[in-house]
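Accompanying notes for the structure given below.
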Amino acid sequence: MRNPLSDVITQIQPSGIRKFFDLVAEMDDAISLGVGEPDFDTPWHIREEGIYSLEKGRTFYTSNSGLMPLRTAIADYVREKHGISYDAAHEVMVTVGGSEAIDIAMRVMLNPGDEVLIPQPSYVSYLPCTVLAGGVPVIIELEEKDEFRLTPEKLLEKLTDKTKILVLPFPNNPTGAIMERDDLEKIAKIIEEHDLFVLSDEIYGELSYKGEHHSIIELSGMRERTVYINGFSKAYAMTGWRLGYACAPRVILEQMLKVHQYAIMCAPTTSQYAAVEAIRNGAQDVAMMRESYDQRRKYLVSRLREMGMDCFEPFGAFYVFPSIKRFGMSSNEFAERLLKQEKVAVVPGTAFGDSGEGFLRISYAYSLKDLKKALERIERFVRSLKGE
Amino acid sequence: MVMREKILTIIEKNSRLTAKEIAALLGEDEAKVAKEIEALEDERIICGYHTLINWDKTGEEKVDALIEVKVTPQRGMGFDNIAERLYQYDEVNAVYLMSGSFDFTVFIQGRTMREVANFVASKLSPMESVLSTSTHFVLKKYKDHGTVIEQTKTDERMKVTP
């Protein structure tokens, strides 16, 4: 029997997180600080709306691009947050998480050989989606000295005449880095000059702790070349509902819709009804969660620095990315030893790209109580290393 | 002052956090926070630090009752005075002046239903100004002071996710 698999898929590495996940799963008393989803339950009024829609028997397909009231609400939201208008009828679509939006955007925009600039460390799926779509991933290695922001120099360094798309994942998983308005302005010029397209993954947009979060679409010349991706997972604690959205110029969105139509049909109906409630009436919940994350963020950074870990202050998402370079071991080694010795799981930075070497991702999507417990153990471990 | 309200919100649900920890949560200076907490205590904005205990899980017998009290306030014996006479008793955990069909809600805790009933009959009802009482016994507490009593929330998320 011949090989059933395509060449492309065997090329793609399994997620670095998977290996670590398996290690952690073996120990049942490990405290994990390795999650990438909120610790909050979806606010009750949003769950109620979902439940109600089921009671009412709303269990059929919706239109491919999603319920019109939801698309309208999304367009209103983007207009309110960023001052940019998208036509709910032709420029907004509801997807199965931000994940699907990333995937289909790449699929409709890449020709074989087109290069995609991917800043790392960043979320694990940009590279595989690029490869699966026939594109060539080109990694931009961000650095701690720049607070892991994308600088114009770093962008120019990797730009070639084959570059088609720039992925902009900010606020960032795993570094917690944000791009402030002037950071975006500096690279917008380059993007326009070189006629690039932007895939802006703003799933952590609401979890920004230094003033308002800005999107590249706010800058002149950017809206027409950007696929704006966002969703409900992180802001409204709706990870399991699988609901995201994309806003883009009609010419791109129409094609994304084509793929979505054939591969998915429509995003889950129940989730869509719940999402309307979330986006229309969930602002207070988001603010409450953001305040809570912000407090934990400050607490975590101060505790880590106190125990002798170098840590730049992250202003987005719910991750801290401390450096462990001073301990003279690799991220993987540190994480494994910490797990074995103190039963605390953190994710090695390398799971998010080679430029994550020497760093750890510590999530603060946990109650203060759990954070305190884990930090005590990490401190013991760090002290034991210093004692050696 | 915004910091005051933030401190209060944090400390309301968790009175065992130290000033150092609260300062870390707010990104503030520890001494400043400690001073603010002291001021809040002096001003009786923070009136006490209590612990929420589920006595049903211990050997101690405790019964809670909610009593609706109708009074007839008079000159020299207004609501405030009546309330003071009510809350002097150790058995009385709470006294609230209410709108609606009765005047005071009084929460009483005793060791048995009989003990509570005796208290109402011998101390509360005969009080001058008290017109009538209506006693309701708490059978089960689901949520108290913002905390759900029975269930411990387990973290059901997968341990590591990207």
Side-chain angles (χ1 to χ4, degrees), chain A residues 15-28 30-39 41 99 122-125 173-174 209 239-240 288 291-292 294-303 305-306 313 335 339 345-348 351-352 361 363 365-372 375, chain B residues 1-37 39-40 45-46 49-54 57 141-162:
Chain A
S15 161
I17 286 207
R18 182 83 229 179
K19 275 186 281 170
F20 205 69
F21 175 75
D22 291 334
L23 264 178
V24 179
E26 280 173 22
M27 318 180 125
D28 19 63
I31 302 180
S32 171
L33 292 184
V35 296
E37 57 178 330
D39 55 310
D41 292 332
S99 301
S122 62
Y123 187 59
V124 302
S125 71
N173 169 13
Y209 314 106
T239 39
M288 183 275 293
E291 176 66 34
S292 194
D294 193 14
Q295 288 176 2
R296 300 171 197 172
R297 176 186 71 90
K298 291 184 193 141
Y299 181 74
L300 190 52
V301 172
S302 87
R303 280 290 279 130
R305 286 176 176 167
E306 210 177 66
E313 188 177 2
L339 183 60
V346 297
V347 185
F352 303 95
R361 185 191 82 174
S363 167
Y366 294 91
S367 70
L368 192 61
K369 188 162 156 235
D370 290 334
L371 281 176
K372 276 167 83 167
L375 283 165
Chain B
M1 207 174 100
V2 187
M3 178 162 101
R4 273 205 159 186
E5 267 97 66
K6 286 193 173 181
I7 295 177
L8 288 170
T9 311
I10 293 172
I11 212 173
E12 186 175 31
K13 280 295 145 76
N14 193 342
S15 53
R16 298 192 83 196
L17 287 173
T18 62
K20 182 160 181 251
E21 288 167 335
I22 297 175
L25 287 169
L26 296 176
E28 287 281 354
D29 168 58
E30 183 186 340
K32 216 167 149 210
V33 171
K35 206 155 156 255
E36 198 55 51
I37 294 176
L40 287 164
I45 295 176
I46 293 180
Y49 297 99
H50 295 182
T51 307
L52 185 64
I53 298 177
N54 182 1
K57 286 186 161 179
K141 291 187 183 175
Y142 291 97
K143 192 176 186 186
D144 203 357
H145 290 90
T147 300
V148 176
I149 304 282
E150 276 299 324
Q151 0 155 305
T152 30
K153 260 228 112 190
T154 42
D155 189 341
E156 291 175 4
R157 295 175 293 176
M158 296 203 299
K159 290 262 178 184
V160 181
T161 40

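First the proteins, then the strands, lettered A, B, ... as listed; each starts at 1.
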Contact between [X] and [Y] at the side-chain level, heavy atoms closer than 4.5 Å - yes or no?
X        : Y        : value
B:Lys6   : A:Glu291 : yes
A:Val124 : A:Phe352 : yes
B:Leu52  : B:Ile149 : yes
A:Tyr209 : A:Lys298 : no
A:Leu33  : A:Leu371 : yes
A:Arg361 : A:Val346 : no
A:Ile31  : A:Tyr366 : no

Is it the backbone or the side chain of [X] that comes under 4.5 Å from a heavy atom of chain B, or both, or neither?
X        : answer
A:Tyr123 : side chain
A:Asp41  : side chain
A:Lys369 : neither
A:Leu368 : side chain
A:Ala351 : neither
A:Val35  : both

* Under 4.0 Å between a Lys/Arg side-chain N and an Asp/Glu carboxylate O for A:Glu313 and A:Arg297? -> yes
* Which residues from residues 15-22 of chain B are near chain A, with near meaning under 4.5 Å between non-hydrogen atoms? -> B:Leu17, B:Lys20, B:Glu21
* Partner residues of B:Glu12 under the salt bridge (charged side-chain N to carboxylate O under 4.0 Å, His left out) criterion, sequence neighbours left out -> none
